[in-house]
Amino acid sequence: MSAVISPGEYSIRPINEHDLDAIMAIETEAYKFPWTKKIFHDCIRVGYCCRLVEHNNQIVAYSIMSMAAGEAHLLNLCVRHCSQGEGLGQLLLSEMIEIAQKRSVDTIFLEVRPSNKSAIALYEKNNFNELGRRKNYYPAGKGREDAIILALDISP
Ligand SMILES: CC(C)(COP(=O)(O)OP(=O)(O)OC[C@H]1O[C@@H](n2cnc3c(N)ncnc32)[C@H](O)[C@@H]1OP(=O)(O)O)[C@@H](O)C(=O)NCCC(=O)NCCS
């Protein structure tokens with residue numbers, strides 16, 4: 001069970017260009033195959049929903065989601081390594097779901113590596129369902145890894 005986060009201790013706000021160095025530090029620690037800074041720049045530039053969680057003026061988590069035509073794609077959700085397991089992933093995922101609901105999204109899609117057990121557990125806890133798999137989708141240490149496609153129906 002995640003630690004309970006005290007209300008008001010953490011704040012959520014949009015990501016801006018000045019946050020990207022701190023975000024890249026978290027990204028490169030969290031993933032073997034991290035996004036580049038340019039990808040984050042592009043996500044901000046094209047107007048994707050980009051949010052971060054701050055604690056004592058430090059970025060501790062962030063998420064990126066695209067939304068169009070009733071569909072949302074959760075493209076990234078990441079918690080600083082030393083802050084994982086404290087409920088921040090859940091906090092930010094709930095926020096992204098709420099944003100999508102307010103924008104009249106019907107379904108949120110995402111892809112996850114089968115090896116990413118903690119992320120899969122988080123998404124299952126939030127009622128995401130498996131739609132299928134993309135073969136050899138991700139680069140991996142040896143060869144490639146499939147992607148599990150998950151979807152959450154949030155239609156009213
Ligand atoms: C996946 C990730 C976002 C989860 O965030 P987190 O803050 O560590 O997770 P939380 O503390 O909010 O936990 C929420 C739920 O996630 C699941 N979970 C989190 N860590 C887990 C672990 N180590 N093992 C199993 N389940 C886990 C549990 O269901 C948990 O609920 P519970 O505590 O009631 O059992 C985080 O570990 C992370 O950033 N990982 C690296 C980046 C990544 O892989 N992102 C996902 C890409 S698809």
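Just follow the structure's listing: the first ligand is 1, and inside any ligand the first atom is 1. Since the structure is predicted, the reported quantities are computational estimates derived from the model, not experimental observations.
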At a 4.0 Å threshold, what atoms of ligand 1 neighbour a non-hydrogen atom of [X]?
X      : value
Gly87  : 10 (P), 11 (O), 12 (O)
Ala121 : 17 (C), 26 (N), 29 (O)
Ala119 : 1 (C), 46 (C)
Gly85  : 6 (P), 7 (O), 8 (O), 11 (O)
Asn116 : 43 (C), 44 (O), 46 (C), 47 (C)
Gln90  : 12 (O)

Heavy-atom pair of closest approach, residues Ile108 and Val105: CG1-CG1, 4.2 Å
task: Quick one: closest heavy-atom pair of Val79 and Gln84, and the distance?
output: O-NE2, 3.0 Å
CZ/Arg144: more than 12 non-hydrogen atoms of other groups inside 6.0 Å: yes
Asp146 side chain to Asn136 backbone, donor-acceptor under 3.5 Å: yes
Taking [atom] as the point of reference, which of [options] owns the nearest heavy atom?
atom                    : options                    : answer
atom 7 (O) of ligand 1  : Ala30, Gly89, Pro34        : Gly89
atom 15 (C) of ligand 1 : Asn126, Leu122, Leu91      : Leu122
atom 3 (C) of ligand 1  : Val53, Val60, Leu92, Leu77 : Leu77
atom 40 (N) of ligand 1 : Gln84, Glu111, Glu29       : Gln84

Nearest 0.5 Å, please: how far is [atom2] in [Y] from [atom1] in [X]?
X     : Y     : atom1 : atom2 : result
Lys37 : Ile23 : NZ    : CD1   : 10.5 Å
Leu88 : Ser83 : CG    : OG    : 6.0 Å
Gln58 : Tyr10 : CD    : OH    : 11.0 Å

Taking 4.0 Å as the limit for heavy-atom contacts, which would you say applies to [X] with ligand 1: side chain only, backbone only, both, or neither?
X      : answer
Tyr123 : side chain
Lys125 : side chain
Glu86  : backbone

N or O contact, Val112 vs ligand 1, cut-off under 3.5 Å: no
query: Is the shortest N/O to N/O distance between Cys78 and ligand 1 below 3.5 Å?
result: no
- prompt: Are Glu98 and Ser94 close enough, and set up right, to give a side chain to side chain donor-acceptor pair (under 3.5 Å), and what steps lead you there?
  reply: CA-CA 6 Å; Glu98 205 178 308; Ser94 299; over 6 Å; no
- request: Describe, in one word, how the ring planes of Trp35 and Phe40 are oriented to each other, choosing from parallel (under 30°), tilted (30 to 60°) and perpendicular (over 60°).
  value: tilted
task: Please report the C-alpha distance between Tyr138 and Glu111 in whole Å, then the side-chain angles of each, then the deciding distance to 0.1 Å, and finally whether the side chain to side chain donor-acceptor pair (under 3.5 Å) criterion is met.
output: CA-CA 10 Å; Tyr138 292 113; Glu111 277 120 20; 4.9 Å; no
